Amino acid sequence: MSRIKNAFNGKKAFIGFITAGDPSLDKTEEFVLEMERAGASLIELGIPFSDPVAEGTVIQDANLRALSAGCTTDKIFEMVKRLRAKTQIPLVFLAYANTLYKYGYERFCKRSSETGIDGFIIPDMPFEEKNELSGIASGHGIDLISLVSPVSGQRIQMIAKEAKGFIYIVSSMGVTGTRDKITTDIQAIASKIREVTDVPVAVGFGINTKEQAAQYIQVADGIIIGSAIVKIIKKYGDNAGKHIYNYVLEITEAAGIH
């Protein structure tokens, strides 16, 4: 069983996101382990990019901090390799298509597989264009995670039928960031997906409170939180570890995951 499948096997999942290299790659390694200790099931590692179009200001700023600190894709691979010696938690890269294209799809997938990455989320790669990458990724044992949004409409089931790993339900239109209220009918989207596949569904974009976590874990197989964690890193920098642990523990306990 793959690490991603195991994360959802008979249980709900908490997925935490951080930008690799913010504030340093040593700290990224520490923060991943703190999230796992607090009950995280899977970690998304953002590869910093100069123009992260799906991100709000919180994660945009994290990208700039990481790039300014000298973070590179090769350095991230080395960090993942070190991390894999300490944990078997599933690790997924969130990266923009140009990063992979410039590195070379085959080379990127091979290196990802060798270091222990389990999946990719590529927010700016439309479903109709995924075939240029999906076959290569699959050949290296890596799941290309599909995204569906409130406006995916009739495309939801088309996307879901070919999904691997898990399906990322984007809860709100716009960019990433914490939201006081999410108005999308997540249950309706999840139900459409489940008509055609048993691939797990996880909901993200906006979730940040205990109440939201407890609510959406009831209709999805997992919840994803990014901006709220990145805000903690911005506030506490190198000392964010214990604060990330406390926050993730609070969320996982509220969602009945820990």
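As a basis for the values below, the full set of heavy atoms in this structure was taken, side chains included, without hydrogen atoms, waters or symmetry mates. Just so it is clear, the structure is predicted and the values come from calculations on it, not from any experiment. Nothing fancy with the numbering, it's 1 onward along the sequence.
Here the shortest heavy-atom pairing between S50 and L67 reads N-CD1, 3.9 Å. Of all heavy-atom pairs spanning N6 and K11, the tightest one is O-NZ, 2.6 Å. Between S112 and I142, the shortest heavy-atom contact is CB-CD1, 3.6 Å. Across every non-hydrogen atom of G165 and I145, the tightest pair is CA-CD1, 4.1 Å. Residues A62 and V230 approach most closely at CB-CG1, 3.6 Å, considering heavy atoms. Nearest approach of F31 to G237, heavy atoms of both residues: CZ-O, 3.6 Å.
In this structure, the separation between CD1 on I59 and CZ on R65 is 10.0 Å, given to the nearest 0.5 Å. Rounded to the nearest 0.5 angstrom, T252 OG1 and I257 CD1 are separated by 6.5 Å. Distance OG1/T72 to CD1/I47: 10.0 Å, rounded to 0.5 Å. Annotation: the span from L133 atom CG to L100 atom CG amounts to 6.0 Å, rounded to 0.5 Å. We find the CD1-CD1 distance between I217 and I223 to be 5.0 Å, quoted to the nearest 0.5 Å. With rounding to the nearest 0.5 angstrom, the OG atom of S134 is 7.0 Å from the NZ atom of K164.
The shortest distance between side-chain heavy atoms of I122 and D124 falls below 4.5 Å. Contact of the I225 side chain with the F17 side chain is not registered, since no non-hydrogen atoms from C-beta on lie closer than 4.5 Å. You'll find the side chain of C71 reaches within 4.5 Å of the side chain of I76, heavy atoms only. I121 has its side chain within reach of F166: a pair of non-hydrogen atoms, C-beta onward, lies under 4.5 Å apart. With a 4.5 Å cut-off on side-chain heavy atoms, S149 and I156 do not count as touching. In this structure the side chain of F127 reaches within 4.5 angstrom of the side chain of E162, judged on heavy atoms. The shortest side-chain heavy-atom distance between R37 and Y245 falls under the 4.5 Å cut-off. Side-chain contact between L42 and V92 is present, with at least one heavy-atom pair separated by less than 4.5 Å.
With sequence neighbours excluded, no residue forms a side chain to side chain contact (heavy atoms under 4.5 Å, CB included) with N246. For Y236, the ring-ring contact (aromatic ring centres under 6.0 Å, His included) criterion is met by H243, not counting sequence neighbours. Partners of L33 according to the side chain to side chain contact (heavy atoms under 4.5 Å, CB included) rule, which considers only residues two or more places apart in sequence or in another chain, are E36, L83, K86, T87. By the ring-ring contact (aromatic ring centres under 6.0 Å, His included) test, F120 is found to be paired with F108, residues two or more places apart in sequence or in another chain being considered.
Under the 3.5 Å distance criterion, the side-chain polar atoms of Q212 are matched with a main-chain donor or acceptor of T209. A donor-acceptor contact shorter than 3.5 Å links the side chain of S41 to the backbone of F14. Counting only distance, with no hydrogens or angles, the side chain of N63 and the backbone of F49 share a donor-acceptor pair below 3.5 Å.
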task: Could you walk me through whether I193 and I159 pass the side-chain contact (heavy atoms from CB on, under 4.5 Å) test, one step at a time?
output: CA-CA 9 Å; I193 291 169; I159 294 168; over 6 Å; no
Verdict with supporting geometry, Y101 and Y96, ring-ring contact (aromatic ring centres under 6.0 Å, His included): CA-CA 9 Å; Y101 180 79; Y96 286 85; over 10 Å; no
task: Test side-chain contact (heavy atoms from CB on, under 4.5 Å) on I167 and V148 and set out the steps.
output: CA-CA 7 Å; I167 297 169; V148 298; 4.1 Å; yes
field: Verdict with reasoning, I186 to Q215, per side-chain contact (heavy atoms from CB on, under 4.5 Å)
entry: CA-CA 10 Å; I186 301 299; Q215 176 184 355; over 6 Å; no
message: Pair D185, I189 - check side-chain contact (heavy atoms from CB on, under 4.5 Å), show working.
response: CA-CA 7 Å; D185 188 345; I189 296 175; over 6 Å; no
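The pair R155-E128 counts as a salt bridge, with a side-chain nitrogen and a carboxylate oxygen less than 4.0 angstrom apart. Taking a cutoff of 4.0 Å between a charged side-chain nitrogen and a carboxylate oxygen, K27 and E30 qualify as a salt bridge. Comment: K242 does not engage E34 in a salt bridge, judged by the lack of any side-chain N to carboxylate O separation of less than 4.0 angstrom. By the 4.0 Å N-to-carboxylate-O rule, D61 lies too far from K231 to be salt-bridged with it.
The salt bridge (charged side-chain N to carboxylate O under 4.0 Å, His left out) contacts involving residues 205-228 comprise R194-D221, where partners must be two or more places apart or lie in separate chains. Residue pairs meeting the salt bridge (charged side-chain N to carboxylate O under 4.0 Å, His left out) criterion with at least one member in residues 92-118, sequence neighbours excluded: R3-D118, D74-R111, E78-R111, R84-D118, K110-E114.
Surrounding NZ of K5 are at most 12 heavy atoms belonging to other residues, nucleotides or ligands under 6.0 Å away.
Cluster membership check: L94 does not share its hydrophobic cluster with L64, using side-chain heavy-atom separations under 4.5 Å among Ile, Leu, Val, Met, Phe, Trp and Tyr. No chain of hydrophobic side-chain contacts below 4.5 Å, direct or via other Ile, Leu, Val, Met, Phe, Trp or Tyr residues, connects F8 to V196.
The aromatic rings of F205 and Y168 sit perpendicular, their planes meeting at an angle over 60°, well past the 30° parallel limit.
Donor-acceptor pairing under 3.5 Å is lacking for the side chains of K161 and T197.
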